[in-house]
Asks: 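My structure is below; once you've seen it, I'll send some questions.
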Amino acid sequence: IWILPLIIILAVTTYKLIQVTQRVDDGDYGMRTVEGNGVTLTWAPRGPGWPEGGVSYEEAAERCRYLSGDGKTLMETPQYIWRIPTVEETVRSMARHDENAGGRWDPSEEKATYEKRPDKETPLWDPHSRVIYYWAMGDAGGDRAYIVVYDGGVFTRKRTSRYGYLSFRAVKEE
């Protein structure tokens with residue numbers, strides 16, 4: 001009676017292990033320009049505009065306002081160079097195996113669809129980070145904001161939510 005659950009656990013674990021070991025990680029956690037699928041954005045390098053730990057939406061927006069042009073320093077006065085990406089920009093920038101995942105955002109249904117399911121890969125994600133959600137701008141209503149999961153899912157959370165696995169990555173137009 002215990003063999004069937006063991007087989008199921010092994011099958012799921014094996015599938016996830018294969019998925020994780022096939023993730024693309026080019027090791028470049030610097031500033032990156034992502035082009036394609038109707039979007040061209042520069043994503044902040046590791047640091048205050050792409051922290052390794054969790055921040056609330058308000059903290060993310062505040063950091064974006066003060067972030068220096070190179071994305072490496074928080075300045076004493078607002079710079080207004082960087083911002084939180086929109087849901088659509090994030091969805092359209094997602095990748096799988098070094099190729100754009102072909103994401104589309106339907107604001108009326110609040111749903112993302114993809115030609116191929118994205119994964120936690122560079123250039124947008126650090127595959128080794130505990131962060132699995134990014135904040136995204138959009139009209140989620142009231143005190144809520146969107147979050148985008150590394151595998152392409154989109155949900156809402158309170159803007160004051162702060163978890164170690166929920167962070168952001170600032171963007172700017174070139």
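Since the structure is predicted, the reported quantities are computational estimates derived from the model, not experimental observations.
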Asks: Go through Leu41 and Glu89 one step at a time and tell me if the side chain to side chain contact (heavy atoms under 4.5 Å, CB included) criterion holds.
Replies: CA-CA 8 Å; Leu41 288 172; Glu89 290 169 335; 3.6 Å; yes
Asks: Grab the two heavy atoms, one from Arg32 and one from Asp26, that are nearest each other, plus how far apart they are.
Replies: NH2-OD2, 2.8 Å
Asks: Please evaluate residues Thr122 and Val24 with respect to the criterion side chain to side chain contact (heavy atoms under 4.5 Å, CB included), reporting the C-alpha separation (whole Å), side-chain torsions for both, the decisive distance (0.1 Å), and the verdict.
Replies: CA-CA 6 Å; Thr122 55; Val24 172; 4.0 Å; yes
Asks: Run Val39 and Val34 through side chain to side chain contact (heavy atoms under 4.5 Å, CB included) and show every step you take.
Replies: CA-CA 7 Å; Val39 176; Val34 175; over 6 Å; no
Asks: Salt bridge or not between Asp126 and Arg46? Use side-chain N to carboxylate O under 4.0 Å.
Replies: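 Salt bridge present between Asp126 and Arg46.
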Asks: Could you pull out the closest heavy-atom pair between Ala101 and Pro118, with the gap in Å?
Replies: CB-CB, 4.1 Å
Asks: List the atom of Trp82, the atom of Thr42, and the distance in Å for their closest heavy-atom pair.
Replies: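 Smallest interatomic distance, heavy atoms only, reads CZ3-O, 3.5 Å.
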Asks: Using 0.5 Å steps for rounding, measure from the CD atom of Glu62 to the OG atom of Ser56.
Replies: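 Going from the CD atom of Glu62 to the OG atom of Ser56 covers 10.0 Å.
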Asks: Of the non-hydrogen atoms in Tyr66 and Glu76, which two are nearest, and what is the gap between them?
Replies: CE2-O, 3.5 Å
Asks: Within the supplied structure, the quantity of interest is the number of heavy atoms (other residues, nucleotides, ligands) at a distance under 6.0 Å from Lys116 NZ; does it exceed 12?
Replies: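 Counting other residues, nucleotides and ligands, NZ of Lys116 exceeds 12 neighbours.
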Asks: Report whether Val171 and Tyr80 are members of the same hydrophobic cluster (ILVMFWY, side-chain heavy atoms less than 4.5 Å apart, transitive linking).
Replies: no
Asks: Using ring centroids (six-membered ring only for Trp), state whether Tyr133 and Tyr165 fall under 6.0 Å.
Replies: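 Yes; Tyr133 has its ring centre under 6.0 Å from that of Tyr165.
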Asks: Got a sec, which pairs hit salt bridge (charged side-chain N to carboxylate O under 4.0 Å, His left out) with one end in residues 127-145, sequence neighbours left out?
Replies: none
Asks: Nearest 0.5 Å, what's the OG1-CH2 distance between Thr90 and Trp105?
Replies: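 It comes to 10.5 Å.
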Asks: Between Met31 and Trp43, is there a side-chain heavy-atom distance shorter than 4.5 Å?
Replies: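 No - every pair of side-chain heavy atoms lies 4.5 Å or more apart.
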Asks: Tell me whether Arg23 is salt-bridged to Asp119, with the criterion being a basic N under 4.0 Å from an acidic carboxylate O.
Replies: yes
Asks: Out of curiosity, Met94 CE to Glu121 CD, how far, rounded to the nearest 0.5 Å?
Replies: 9.5 Å
Asks: Please determine if Arg117 and Asp151 form a salt bridge, counting it only when a charged side-chain N lies under 4.0 Å from a carboxylate O.
Replies: yes
Asks: Report the C-alpha distance between Leu67 and Gln79 in whole Å, list the side-chain angles of each, state the deciding distance to 0.1 Å, and finish with yes or no for side chain to side chain contact (heavy atoms under 4.5 Å, CB included).
Replies: CA-CA 6 Å; Leu67 198 56; Gln79 304 296 298; over 6 Å; no
Asks: Evaluate the side-chain proximity of Val154 to Glu110: yes if any heavy-atom separation is below 4.5 Å, no if none is.
Replies: no
Asks: Looking only at heavy atoms, which two atoms of Pro51 and Val131 are closest? And how far apart?
Replies: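 So the minimum-distance heavy-atom pair works out to O-CG2, 4.4 Å.
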Asks: Any chance you could measure Tyr146, atom OH, to Arg159, atom CZ, to the nearest 0.5 Å?
Replies: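 Going from OH on Tyr146 over to CZ on Arg159, the span is 10.5 Å.
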Asks: So, taking the atom named CG in Asp106 and the one named NZ in Lys111, what distance separates them when rounded to the nearest 0.5 Å?
Replies: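 Rounded to the nearest 0.5 Å, the CG-NZ separation comes out at 9.5 Å.
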Asks: Short question: side chain of Arg169, backbone of Leu124 - any donor-acceptor pair under 3.5 Å?
Replies: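 Yes: the side chain of Arg169 pairs with the backbone of Leu124.
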Asks: I need the minimum non-hydrogen distance between Tyr29 and Pro127, along with the two atoms involved.
Replies: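 Looking at all heavy atoms of both residues, the shortest contact is OH-CD, 4.0 Å.
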Asks: Decide whether Val87 and Ile132 are clustered together by the hydrophobic rule: side chain heavy atoms of Ile, Leu, Val, Met, Phe, Trp, Tyr closer than 4.5 Å, transitively.
Replies: yes
Asks: Quick one: pull up CE in Met75 and CD1 in Ile81 and give me the separation to the nearest 0.5 Å.
Replies: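 Met75 atom CE to Ile81 atom CD1 measures 8.5 Å (nearest 0.5 Å).
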Asks: Would you confirm whether Lys158, through its side chain, and Ala145, through its main-chain N or O, come within 3.5 Å as a donor-acceptor pair?
Replies: no
Asks: Quickly, which of Phe168, Tyr163, Trp135, Tyr134 forms a ring pair (Phe, Tyr, Trp, His ring centres under 6.0 Å) with Tyr57? Name it, please.
Replies: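 Between Tyr57 and the candidates, ring pair (Phe, Tyr, Trp, His ring centres under 6.0 Å) is satisfied uniquely by Trp135.
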Asks: Is the shortest distance from a Lys or Arg side-chain nitrogen in Glu173 or Arg83 to a carboxylate oxygen in the other one below 4.0 Å?
Replies: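 Looking at Glu173 and Arg83, the cut-off is met.
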Asks: Whether Arg92 and Glu88 form a salt bridge (side-chain N of Lys/Arg under 4.0 Å from carboxylate O of Asp/Glu) is what I want to check.
Replies: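 Arg92 and Glu88: salt-bridged.
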